[in-house]
Chemist: 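Just dropping this structure here.
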Amino acid sequence: YQAQDNDLFIVTYPKCGTTWTQHITYLILNNGVPLSPDQRLDVVWPHLEEVGADFIADKATVLENHRLIKTHLPYEFTPNNDSKAKYIFVARNPKDCVVSFYHHTVGFPRHYDFAEGTFDTYFNLFLNGKVDSGDYFEFLRKWFDRKDDSNMLFLKYEEGRKDTRKYILQIAEFLDNDVYPGKTYQAQDNDLFIVTYPKCGTTWTQHITYLILNNGVPLSPDQRLDLVWPHLEEVGADFITNKATVLENHRLIKTHLPYRFTPKSNPKAKYIFVARNPKDCVVSFYHHTVGFPRHYDFAEGTFDTYFNLFLNGKVDSGDYFDFLRKWLDRKDDPNMLFLKYEEGRKDTRKYILQIAEFVDTDMYPARLLADDEKILKLVLEHSSLEAMKQHPRRWCSDRTGYKPFIRKGSTGGWDELLTEDQEELIQKRLDEVFTKEELEFLGEQYHS
């Protein structure tokens with residue numbers, strides 16, 4: 001079978017969440033409406049190895065322009081020619097897999113001559129790759145190597161059972177670029193991305209970088225930063241391609257996309273990532289959400305409610321901890337600058353020079369430091385919170401009657417709202433997701 005542009009494969013080793021993930025994906029595509037009681041999933045979503053290539057090509061279900069295909073084929077045998085086909089792979093730990101596969105095998109006497117077989121016998125067959133789909137470990141190894149492919153979604157069954165809502169949304173986002181319209185954008189050589197989880201220093205870092213590129217001259221009071229430095233997810237790929245500002249040969253792009261959805265096909269594009277500790281982030285994000293009643297139906301929402309949404313990844317940009325985890329893994333990439341908001345607030349001069357060095361080491365540091373640091377002093381002056389608060393319309397739409405967009409910008413002020421129990425819950429998540437060394441790298445606000 002030759003993969004087609006609209007093919008949607010569910011790929012698993014047997015007994016690793018295949019049927020459950022097929023069912024979820026079908027529900028997503030069919031507006032939450034399940035199969036009727038007399039419909040069979042294996043007819044609607046056929047198994048490639050059982051029905052063959054001709055059936056898939058001519059008779060497989062096409063739902064919402066996705067041809068539905070299931071397979072347990074190893075990577076090297078799965079149709080994966082140069083097409084726009086999509087692959088959802090589900091991994092499940094081998095201990096649960098072998099137990100489930102044993103019960104499955106015993107329970108299908110018409111398929112397997114093993115109705116009286118013992119688990120010990122089956123375990124040895126499994127361990128030696130002498131069962132359907134062969135060696136589990138080799139199967140997972142080959143597919144795991146492809147987990148970052150742009151047309152693949154690598155899911156973990158255990159995480160799906162723990163947080164099914166997140167699992168469903170991961171699949172939905174993967175299926176439809178309209179969830180994140182900017183995903184279709186192809187990065188260009190001269191692209192300069194500012195990447196953050198929301199409320200982690202985005203606007204401040206954009207403003208600083210703009211000042212560096214523009215010789216310390218800020219936007220005029222009636223100019224809007226979001227027009228000069230557009231938000232990829234809001235304006236979409238076509239706008240970025242055709243209308244985004246190009247300043248000093250740098251195309252200016254802002255994004256809150258998770259790493260896996262961020263356009264990154266071009267190694268010459270540059271990415272400035274800013275991390276901010278989750279305690280300050282959740283407090284700032286709460287104020288932001290309450291302050292935008294036209295965007296969020298949360299004007300009367302309490303912080304305790306918002307905190308629980310944040311902790312469970314049910315806010316804009318999803319799970320903070322997973323978002324930071326994935327970007328932290330890329331911090332040493334040559335086209336990425338990983339910044340820490342707290343360090344920038346503590347030593348803004350150093351923060352500015354780090355950005356200048358990254359954008360163009362041969363041009364901007366020398367330019368900023370020339371003439372007794374004339375331009376550097378201008379950047380410092382105009383990027384102060386006091387200066388930014390003087391021109392609120394530069395940063396967002398009119399917020400008369402609501403909390404200002406530029407509020408405090410402080411670090412360590414989370415105790416205005418966070419309880420000790422909430423701090424402990426955040427710390428618990430940090431300790432689960434990051435190593436001790438990584439938390440020390442991120443800064444003192446990340447560890448107790």
Side-chain angles (χ1 to χ4, degrees), residues 1-75 77-80 83 85-92 96-115 117 122 126 131-134 136 139 143 151-161 164-165 167-172 174-176:
Y1 178 71
Q2 296 296 306
Q4 307 299 309
D5 285 353
N6 63 333
D7 286 352
L8 177 60
F9 289 84
I10 300 285
V11 186
T12 67
Y13 192 85
K15 310 312 296 176
C16 288
T18 327
T19 301
W20 184 57
T21 306
Q22 285 177 274
H23 182 48
I24 285 174
T25 309
Y26 178 87
L27 289 167
I28 292 169
L29 294 172
N30 203 40
N31 297 314
V33 180
L35 297 170
S36 63
D38 59 343
Q39 281 184 295
R40 285 264 303 272
L41 184 64
D42 63 342
V43 176
V44 175
W45 201 311
H47 186 174
L48 173 58
E49 297 92 289
E50 290 187 0
V51 301
D54 289 344
F55 183 96
I56 296 294
D58 300 329
K59 299 179 181 179
T61 303
V62 178
L63 183 61
E64 291 282 297
N65 200 37
H66 296 283
R67 180 181 290 102
L68 309 181
I69 307 169
K70 161 190 165 180
T71 184
H72 296 311
L73 285 174
Y75 176 76
F77 295 129
T78 300
N80 52 18
S83 72
K86 292 187 174 184
Y87 302 80
I88 298 174
F89 182 87
V90 189
R92 188 184 191 188
D96 282 329
C97 176
V98 65
V99 171
S100 182
F101 209 170
Y102 164 70
H103 289 298
H104 173 84
T105 303
V106 169
F108 273 93
R110 285 176 296 179
H111 291 74
Y112 305 100
D113 184 18
F114 204 77
Y122 190 82
F126 177 88
V131 294
D132 275 3
S133 295
Y136 165 94
F139 188 100
W143 279 103
N151 63 338
M152 181 175 171
L153 174 63
F154 190 97
L155 295 171
K156 304 163 196 172
Y157 179 78
E158 295 78 11
E159 290 187 359
R161 301 306 300 169
T164 304
R165 181 183 187 276
Y167 192 84
I168 292 168
L169 289 174
Q170 283 180 295
I171 296 171
F174 176 70
L175 293 177
D176 189 354

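The analysis underlying the following values was restricted to heavy atoms, covering all of them including side chains, and did not include hydrogens, waters or symmetry mates. Quantities reported herein were computed from a predicted structural model and do not represent experimental measurements.
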Chemist: With the side chain counted from C-beta on, respond yes when K86 and M152 share a heavy-atom pair under 4.5 Å apart, and no when they do not.
Modeler: no
Chemist: Which pair of heavy atoms, one from I28 and one from I171, lies closest together, and at what distance?
Modeler: CD1-CG2, 3.7 Å
Chemist: When you compare the side chain of T19 with that of L41, does any pair of heavy atoms fall below 4.5 Å?
Modeler: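 When only atoms from C-beta onward are counted, T19 and L41 do touch, with a gap below 4.5 Å.
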Chemist: Which pair of non-hydrogen atoms, one from A60 and one from R67, has the smallest distance, and what is that distance?
Modeler: CB-CG, 3.8 Å
Chemist: Could you tell me the separation between the CG atom of N151 and the CG atom of D5, rounded to the nearest 0.5 Å?
Modeler: 11.0 Å
Chemist: To the nearest 0.5 Å, what is the distance between CG on L155 and CZ on F89?
Modeler: 10.0 Å
Chemist: State whether the side chain of T78 and the backbone N or O of L73 hold a donor-acceptor pair below 3.5 Å, judged by distance alone.
Modeler: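 Present.
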Chemist: Please name the pair of heavy atoms, one in F101 and one in K15, separated by the smallest distance, quoted to 0.1 Å.
Modeler: CA-CG, 3.6 Å
Chemist: If you compare all heavy atoms of T21 against all heavy atoms of G17, which two are closest, and at what distance to 0.1 Å?
Modeler: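 Scanning both residues completely, I find the closest heavy atoms to be OG1-O, 2.8 Å.
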Chemist: Taking side chain as C-beta onward, heavy atoms only, is Y75 less than 4.5 Å from N80?
Modeler: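 Heavy-atom side-chain distance check passes, below 4.5 Å.
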Chemist: Under the side-chain contact (heavy atoms from CB on, under 4.5 Å) criterion, do T12 and H72 qualify, and how do the steps go?
Modeler: CA-CA 5 Å; T12 67; H72 296 311; 3.1 Å; yes
Chemist: In the structure I gave you, are the side-chain heavy atoms of H47 and V51 within less than 4.5 Å of one another anywhere?
Modeler: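 The answer is no; the side chains never approach within 4.5 Å.
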Chemist: For a side-chain contact (heavy atoms from CB on, under 4.5 Å) check, start with the C-alpha distance between Y112 and V131, then their side-chain angles and the critical distance, and finish with the verdict.
Modeler: CA-CA 10 Å; Y112 305 100; V131 294; over 6 Å; no
Chemist: How long is the gap from NZ on K156 to OH on Y167, to the nearest 0.5 Å?
Modeler: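 Between K156 NZ and Y167 OH, I get 11.5 Å after rounding to 0.5 Å.
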Chemist: State the OG1-CG distance between T71 and D7, to the nearest 0.5 angstrom.
Modeler: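 The OG1 atom of T71 sits 11.5 Å away from the CG atom of D7.
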Chemist: Considering non-hydrogen atoms only, spot the tightest contact between E158 and A91 and give its length.
Modeler: OE1-O, 3.9 Å
Chemist: Could you walk me through whether T18 and V90 pass the side-chain contact (heavy atoms from CB on, under 4.5 Å) test, one step at a time?
Modeler: CA-CA 7 Å; T18 327; V90 189; over 6 Å; no
Chemist: Return the OH to NE2 distance between Y26 and H66, rounded to the nearest 0.5 Å.
Modeler: 13.5 Å
Chemist: Would a 4.5 Å heavy-atom cut-off, applied to side chains only, mark T25 and I10 as touching?
Modeler: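 Yes. Closest side-chain heavy atoms under 4.5 Å.
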Chemist: Heavy-atom count check: over 12 atoms from other residues, nucleotides or ligands less than 6.0 Å from D58 CG?
Modeler: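 Count over threshold, so yes.
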Chemist: Is a donor from one side chain sitting under 3.5 angstrom from an acceptor on the other, for S36 and D38?
Modeler: yes
Chemist: Tell me, do V98 and Y122 make a side-chain contact under 4.5 Å, heavy atoms counted?
Modeler: yes
Chemist: Would you check if the distance from the ring center of Y13 to the ring center of W143 is below 6.0 Å?
Modeler: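 That pair fails the under 6.0 Å test.
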Chemist: Please confirm whether the backbone N or O of V44 pairs with a side-chain atom of T61, one donor and one acceptor, at under 3.5 Å?
Modeler: yes
Chemist: How close do A3 and F9 get, heavy atom to heavy atom, and via which atoms?
Modeler: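 Scanning both residues, the minimum pair turns out to be CB-CE1, 4.3 Å.
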Chemist: Quick one, L48 and F77 - any side-chain contact, counting heavy atoms below 4.5 Å?
Modeler: no
Chemist: Would you find more than 12 non-hydrogen atoms of other residues, nucleotides or ligands less than 6.0 Å from H23 atom NE2?
Modeler: no
Chemist: Rounded to the nearest 0.5 Å, how far apart are OH of Y136 and SG of C16?
Modeler: 5.5 Å
Chemist: Taking the side chain as every heavy atom from C-beta outward, state whether D96 and Y157 have any pair of such atoms under 4.5 Å apart.
Modeler: no
